[in-house]
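Here the structure comes first, spelled out in structure tokens, and everything after it is commentary.
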Protein chains: 2
Amino acid sequence: MKNYSKQREAILTVLSQTDTHPTANWIYEQVREIIPNISLGTVYRNLSQLSQDGDILSINVGDGFEHFDYDTSPHAHLHCKKCGCIHDARLENDPLAKVAKKTGFTPETTIYVAYGICQNCNTNN
Amino acid sequence: MKNYSKQREAILTVLSQTDTHPTANWIYEQVREIIPNISLGTVYRNLSQLSQDGDILSINVGDGFEHFDYDTSPHAHLHCKKCGCIHDARLENDPLAKVAKKTGFTPETTIYVAYGICQNCNTNN
DNA sequence: TAATAAAATAGTAATCATTACTGATTTGGG
DNA sequence: CCCAAATCAGTAATGATTACTATTTTATTA
């Protein structure tokens, strides 16, 4: 089935210790400090596998990069069009899953992305 | 500012007449039946512009393609992991926008994507 | 511990949706 | 009609991601 690998463990460790919704390449750079000769392909393969297994979240905000999130609970992602940041916001429940089920769809993961201007860019620009 | 072009009009016409959340390439193929020598780059440029202006919606479900939607109202997108289809579901309100505003974020567009198995794949497979 | 098959890896090459570029054409205002 | 800005067709370039291959690691069984 699924064997242990220290590469996958390091990837999960790095991802669990940030709240920046990093890209595969950012994770690669960080993991290299733990396993210097890890391959970029290994990072991509593991992230893809972990996301398929539901262990992590894959967020696509349309900036040309796939972003990853260690927090798999349903929550909102606020993507700033100006600075590109992605911040989290808690949701009291999962209204998307509720609506989906009502139409006969069986949801496994729900993704919420808001596009706009973040608080920081609003006040400083 | 923004000049009229029959290419952009044809793109909007095609997009408005489908509910399949097409890709740029699909739209290109359709528009070619109206304007045979239209360029794929023109389709991409207009779709990107229209989506930036808020005239259409850009949906990214992580299948490697950007999808477009003529309906800009906040609604749910149900993406089947099996057949790849994207269906709509109405939302009574816009809970994501509400939560975003509460944190100081100014939302312009909100995207809801549920991943799972559609009704059709559930019953037929 | 040794043997074995499945899983995973490093390194590199290939893919392909999307973007960038260029010189020609179209649009809209005066 | 004139002109500047906008748009276009056609083509080349980009770059994030995936595919490939020979080697190494893992987990199981004897």
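All values derive from a computational prediction rather than experimental measurement. Values reported hereafter were calculated over all heavy atoms of this structure, with side chains retained and with hydrogens, waters and symmetry mates removed. Within every chain, numbering begins at 1; the chains are lettered A, B, ... in the order of the sequence lines, protein sequences first and strands thereafter.
Across T42(B), V43(B), V14(B), T23(B), a single residue satisfies side chain to side chain contact (heavy atoms under 4.5 Å, CB included) together with Y28(B), and that is V43(B).
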* To do: Kindly indicate, with the supporting measurements, whether the criterion side chain to side chain contact (heavy atoms under 4.5 Å, CB included) is fulfilled by Q7(A) and V31(A).
  => CA-CA 8 Å; Q7(A) 286 86 349; V31(A) 173; over 6 Å; no

* **Verdict with reasoning, R32(B) to E29(B), per salt bridge (Lys or Arg N to Asp or Glu O under 4.0 Å)** => CA-CA 5 Å; R32(B) 281 220 283 186; E29(B) 297 293 351; 3.4 Å; yes

* To do: Before giving the answer on salt bridge (Lys or Arg N to Asp or Glu O under 4.0 Å), spell out for D94(B) and K101(B) the whole-Å C-alpha distance, their side-chain angles and the decisive distance to 0.1 Å.
  => CA-CA 11 Å; D94(B) 195 352; K101(B) 279 177 200 153; over 6 Å; no

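Atom CG in N46(B) sits roughly 9 Å away from atom C1' in dC8(D) (whole-Å rounding). If you take CD1 of I34(B) and P of dC8(D), they are 14 Å apart, rounded to a whole angstrom. One can place CD1 of I38(A) at 14 Å from C1' of dT25(D), the figure rounded to the nearest angstrom. Nucleotide dC8(D) holds its C1' atom 6 Å from the CZ atom of R45(B), rounded to whole Å. Distance L47(A) CG to dA16(D) P: 15 Å, rounded to the nearest Å. dT28(D) atom P lies 8 Å from atom CG of N3(A), rounded to whole Å. As rounded to whole Å, 10 Å separates atom P of dT7(D) from atom CG of L50(B).
Each of G41(B) and F65(B) was assigned the nucleotide of DNA chain C with the nearest heavy atom; the assignment lying further toward the 5' end belongs to F65(B).
Of the residues in residues 4-27 of chain A, those placing a heavy atom less than 4.0 Å from an atom of DNA chain C are S5(A), Q7(A), R8(A), in numerical order.
Aromatic ring pairs are classed by plane angle as parallel below 30°, tilted from 30° to 60° and perpendicular above 60°; the pair H75(A) and H21(A) is tilted.
In summary, the side chains of H79(B) and D63(B) do not present any donor paired with an acceptor at a separation below 3.5 Å, with no hydrogens or angles considered.
Under a 4.5 Å side-chain heavy-atom criterion applied to ILVMFWY residues, the cluster that includes F65(A) comprises that residue alone.
Residue S39(B) places no side-chain N or O under 4.0 Å from the OP1 or OP2 atom of dC8(D). Applying the 4.0 Å criterion to OP1 and OP2 of dT18(D), one finds that Y44(A) has every side-chain N and O outside that range.
Between the side chain of T18(B) and the backbone N or O of L15(B) there is no donor-acceptor pair closer than 3.5 Å. With hydrogens and angles disregarded, a donor-acceptor distance shorter than 3.5 Å links the side chain of R8(A) to the backbone of N3(A).
In this structure, N37(B) reaches the sugar-phosphate backbone alone: every heavy-atom distance under 4.0 Å involves primed, P, OP1 or OP2 atoms, never a base.
On the nucleic acid side, DNA chain C contacts chain B at distances under 4.0 Å to non-hydrogen atoms, with the end points of that region at dA17(C) to dG28(C).
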